[in-house]
J.: 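Structure below; questions to follow.
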Amino acid sequence: MTLAHSKPNQVNRIDHKLPSLTTTKHPAVSEEEMRQAVRTLLLGLGEDPDREGLKDTPKRVVKALKFLTSGYNQSLEELLNGAVFHEDTNEMVLVRDIDLFSSCEHHILPILGRVHVAYIPDGKVIGLSKIARICEMYGRRLQAQERLTAQIADALQELLKPKGVAVLVEASHLCVVMRGVQKPGAWTSTSALRGEFANDAKTRQEFMSLVQHNPRLR
Ligand SMILES: Nc1nc2c(ncn2[C@@H]2O[C@H](COP(=O)(O)OP(=O)(O)OP(=O)(O)O)[C@@H](O)[C@H]2O)c(=O)[nH]1
Ligand SMILES: [Zn+2]
């Protein structure tokens, strides 16, 4: 078991090509058209989009939404910056309590929570910050929690070809909290288990016992 302090050997950087992991979306409409759409929404809500407090709101909303979905324009190759290293270890690496800020694809409302990521290396390790960056990249898209969880696991699987990967996401959806069914106490847990975590109950249990009952969450 390796906690999040181990320092991979910088000398053994591995050159990586990651063609299948890049998603770039080209907007089909202009920024001005997006602002007009927000203005229309404000009118639909019975607001006056020309009043002082709202006159710059279309511009701000478009900027905010572009930031919150900026993960579409990132690539794993770019964020990784070559930080995959040869390391002769096969002990579990766990990074837990990675803050998650995502947006639900059904309502475009926030998904707030934490991600725990573990893997069992098979000759290669990844820079620890890059695990959080991978979570950010997929988080900054319109998401379903299940898909987000699987994407993080599959990215690590493809990058490292490790013996196993486990991802647990615990999150609160503001579409469930603030509207609709209005249940602020409901948290959703989703996991994606690959390799030894899927096949070996003891390994899976070790991961689950290390990440469950997180006192910072509630
Ligand atoms: N599986 C899954 N469902 C989600 C996620 N985010 C939101 N949802 C759900 O997507 C569903 C959409 O259901 P609809 O009936 O089409 O939409 P709605 O009328 O807004 O539903 P309510 O939220 O029940 O009011 C809701 O049950 C949401 O709770 C997610 O990440 N994963
Ligand atoms: Zn939602």
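None of the values given here were measured: they were computed from a predicted structure. Each ligand, and each atom within it, is numbered from 1 in the order the structure gives. Atom set for the values below is all heavy atoms of this structure, side chains included, hydrogens, waters and symmetry mates excluded.
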J.: Looking at every non-hydrogen atom in both residues, tell me the closest pair between Pro162 and Gln157 and how far apart they are.
T.: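 Heavy atoms of Pro162 and Gln157 come nearest at CD-O, 3.7 Å.
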
J.: Verify whether one side chain among Glu32 and Gln36 offers a donor that lies under 3.5 Å from an acceptor in the other.
T.: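 Side-chain D/A pair, Glu32 to Gln36: present.
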
J.: Between Gln143 and Gln151, is any side-chain donor less than 3.5 angstrom from a side-chain acceptor?
T.: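 Checked: Gln143/Gln151 side chains pair up, N/O donor to acceptor below 3.5 Å.
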
J.: Counting heavy atoms not belonging to Glu52, are there more than 12 under 6.0 Å from its CD?
T.: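 Atom CD in Glu52 is not crowded, with 12 or fewer foreign heavy atoms closer than 6.0 Å.
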
J.: Begin with the C-alpha distance, continue with both residues' side-chain angles, and end with the deciding distance and a verdict on salt bridge (Lys or Arg N to Asp or Glu O under 4.0 Å) for Glu31 and Lys59.
T.: CA-CA 9 Å; Glu31 173 114 6; Lys59 185 171 88 179; over 6 Å; no

J.: Got a sec: does the NZ of Lys161 have more than 12 other heavy atoms crowding it under 6.0 Å?
T.: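 Atom NZ in Lys161 is crowded, with more than 12 foreign heavy atoms closer than 6.0 Å.
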
J.: Using a cut-off of 6.0 Å, state whether more than 12 heavy atoms not belonging to Arg194 lie near its atom CZ.
T.: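 More than 12 heavy atoms, drawn from other residues, nucleotides or ligands, come within 6.0 Å of this atom.
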
J.: Heavy-atom distances under 4.0 Å are what count here, so tell me which part of Glu146 touches ligand 1: side chain, backbone, both or neither.
T.: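 For Glu146, the contact with ligand 1 is made by the side chain alone.
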
J.: Angle subtended at the Zn ion (ligand 2) by SG of Cys104 and SG of Cys175, to 10 degrees?
T.: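 So the angle at the metal works out to 130°.
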
J.: Does a donor on one side chain sit under 3.5 Å from an acceptor on the other, for Thr203 and Glu206?
T.: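 Not at all, the side chains of Thr203 and Glu206 share no donor-acceptor pair under 3.5 Å.
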
J.: Does ligand 1 have any atom that is closer than 4.0 Å to a heavy atom of Arg179?
T.: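 So Arg179 counts as touching ligand 1.
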
J.: Output yes when a protein non-hydrogen atom is found under 4.0 Å of atom 30 (C) of ligand 1, and no otherwise.
T.: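 Yes, at least one protein heavy atom sits under 4.0 Å from atom 30 (C) of ligand 1.
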
J.: Within the structure, does Gln143 bring an N/O atom to less than 3.5 angstrom of an N/O atom in ligand 1?
T.: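 Looking only at distances, the answer is no, because the N/O contact criterion of under 3.5 Å is not met.
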
J.: What is the name of the N/O/S atom of His107 that is nearest to the Zn ion (ligand 2)?
T.: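 Distance check against the Zn ion (ligand 2) picks out ND1 in His107.
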
J.: Take atom 26 (C) of ligand 1 and look for protein heavy atoms under 4.0 Å from it; say yes if you find one, no if not.
T.: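 Under 4.0 Å from atom 26 (C) of ligand 1, zero protein heavy atoms found.
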
J.: As an exercise, identify every atom of ligand 1 less than 4.0 angstrom from a heavy atom of Ala144.
T.: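 Those atoms are 30 (C), 31 (O).
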
J.: Closer than 4.0 Å and a protein heavy atom, does any atom meet both conditions relative to atom 6 (N) of ligand 1?
T.: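 At least one protein heavy atom is under 4.0 Å away.
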
J.: Within ligand 1, which atoms have a heavy atom of Cys175 less than 4.0 Å away?
T.: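 Under 4.0 Å from Cys175, ligand 1 has these atoms: 7 (C).
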
J.: Any idea which part of His106 is under 4.0 Å from ligand 1, heavy-atom wise: side chain, backbone, both or neither?
T.: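 Near ligand 1, His106 shows its side chain, while the N, CA, C and O stay back.
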
J.: Please identify which atoms of ligand 1 are closer than 4.0 Å to at least one heavy atom of Gly180.
T.: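 The list of qualifying atoms is 25 (O).
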
J.: Hey, are Thr190 and Gln145 close enough side-chain-wise for a donor-acceptor pair under 3.5 Å?
T.: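 Their side chains do contain a donor-acceptor pair, which is all the 3.5 Å distance test asks for.
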
J.: Return yes when His107 approaches ligand 1 closer than 4.0 angstrom through a heavy atom, no otherwise.
T.: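 Checking ligand 1 against His107, which is what was asked, there is a heavy-atom contact under 4.0 Å.
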
J.: Right, does atom 14 (P) of ligand 1 have protein non-hydrogen atoms nearer than 4.0 Å?
T.: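 No, no protein heavy atom sits under 4.0 Å from atom 14 (P) of ligand 1.
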
J.: Which heavy atom of Leu76 sits nearest to which heavy atom of Ala155, and what is that distance?
T.: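 Residues Leu76 and Ala155, closest heavy atoms: CD1-CB, 3.7 Å.
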
J.: Contact between ligand 1 and Val176 is defined here as a heavy atom of the residue under 4.0 Å from a ligand atom; is it met?
T.: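 A heavy atom of Val176 does come that close to ligand 1.
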
